[in-house]
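Report on one structure; see the data block that follows.
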Amino acid sequence: MGEGGMIAVYKINLNCKGCEDEVKRAIKGVGSVTSDYTKNKVTVVGNFDPVKVKERLEEKLKKKVEIVSLMPKKPLVLIKKLAAPAPVLALRESTLYLKIRLYTKECKQRINKLIFSFKDVKSVNFYDYEGKDLVRVKGTMDPRALVLFLRNNLTRSVEVFVPPPKKDERKNEKEAPRAGNNKVYIIQNLQIINNFRAR
């Protein structure tokens with residue numbers, strides 16, 4: 001009857017617990033047998049021929065037996081416990097500069113519309129930087145995915161442009177120590193000088 005076996009429910013006139021015991025003896029070895037004499041129901045689970053079991057019960061018990069229901073027994077499937085979904089973290093807003101050749105006003109409109117169709121884009125601006133056409137995109141979008149999206153949907157080169165740092169950002173932290181550390185720096189130098197003189 002297949003790998004999973006069969007579940008068959010029979011209706012038999014059962015009067016007491018003794019009748020249940022007779023049923024189990026009559027089909028001993030067929031499979032798992034459970035019975036309820038209050039409902040005149042016998043359930044058999046296993047690999048067997050339900051019609052032959054019916055005939056055997058009628059022969060042994062000398063009673064009318066009806067097959068109430070038949071269904072294949074489903075094999076046991078272990079369901080793995082699903083891990084709890086990772087918490088969704090809020091993405092920080094980022095700025096992405098793209099070098100895209102813009103030929104006409106229609107090009108800008110088309111690219112503007114295409115970029116805004118991408119998820120989590122908040123603003124798009126166009127610039128001319130040293131003769132290069134630049135597009136500045138702001139939002140919480142995935143920059144790498146946006147670049148791939150544009151490359152797949154445009155028939156021109158799309159490159160990430162890294163603008164040079166501003167003059168204020170070029171200063172080295174060592175050349176401009178924090179005000180709070182100046183006293184410590186001076187005290188340490190005085191100690192070194194005093195130790196040198198003591199020698």
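Every value quoted in this text rests on a predicted model; they were computed, and no experiment measured them.
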- Given the rule in the side-chain contact (heavy atoms from CB on, under 4.5 Å) test, do Arg136 and Val124 qualify, once you have shown the distances and angles that lead to the verdict? CA-CA 6 Å; Arg136 186 183 71 183; Val124 179; over 6 Å; no
- Message: Would Val30 and Arg56 count as a side-chain contact (heavy atoms from CB on, under 4.5 Å) here? Give the steps.
- Response: CA-CA 11 Å; Val30 171; Arg56 187 171 175 182; 4.0 Å; yes
- Task: Report the C-alpha distance between Glu93 and Lys138 in whole Å, list the side-chain angles of each, state the deciding distance to 0.1 Å, and finish with yes or no for side-chain contact (heavy atoms from CB on, under 4.5 Å).
- Result: CA-CA 7 Å; Glu93 185 171 302; Lys138 284 187 175 183; 4.3 Å; yes
- Task: Show your reasoning for whether side-chain contact (heavy atoms from CB on, under 4.5 Å) applies to Ile7 and Thr43.
- Result: CA-CA 7 Å; Ile7 300 176; Thr43 303; 4.1 Å; yes
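Interatomic distance, Asn153 CG to Ser117 OG, rounded to the nearest 0.5 Å: 7.5 Å. Interatomic distance, Ser94 OG to Met141 CE, rounded to the nearest 0.5 Å: 4.0 Å. Interatomic distance, CG of Leu102 versus CD of Gln109, reported as 11.5 Å (0.5 Å rounding). For the atom pair CG of Asp133 and NZ of Lys108, the computed distance is 7.0 Å after rounding to the nearest 0.5 Å. Going from atom CG of Leu14 over to atom NZ of Lys39 covers 13.0 Å, rounded to the nearest 0.5 Å. Put simply, CG on Leu150 and CZ on Arg156 are 11.0 Å apart, with the number rounded to the nearest 0.5 Å.
When Lys132, Arg101, Lys99 are each tested for a salt bridge (charged side-chain N to carboxylate O under 4.0 Å, His left out) with Glu159, only one passes: Lys99.
Under the 4.5 Å side-chain criterion, counting only non-hydrogen atoms from C-beta, Ile12 is not in contact with Asn40.
Not a single donor-acceptor pair under 3.5 Å links the side chain of Glu58 to the backbone N or O of Lys64. Of the possible polar contacts, one joining the Arg151 side chain to the Val158 backbone as a donor-acceptor pair under 3.5 Å is found. Using modelled atom types, one side-chain atom of Tyr10 and one backbone atom of Pro50 make a donor-acceptor pair closer than 3.5 Å.
For the pair Glu20 and Lys17, the salt-bridge criterion is met [side-chain N within less than 4.0 Å of a carboxylate O]. The pair Lys11-Glu66 fails the salt-bridge criterion, with no side-chain N (NZ, NE, NH1 or NH2) lying under 4.0 Å from an Asp/Glu carboxylate O.
Aromatic rings from Tyr129 and Phe161 are positioned such that their centres are separated by under 6.0 Å.
Enclosure of atom NZ in Lys63 by more than 12 non-hydrogen atoms of other residues, nucleotides or ligands within 6.0 angstrom is indicated.
Between Phe118 and Phe149, the two ring planes are tilted [angle within 30° to 60°].
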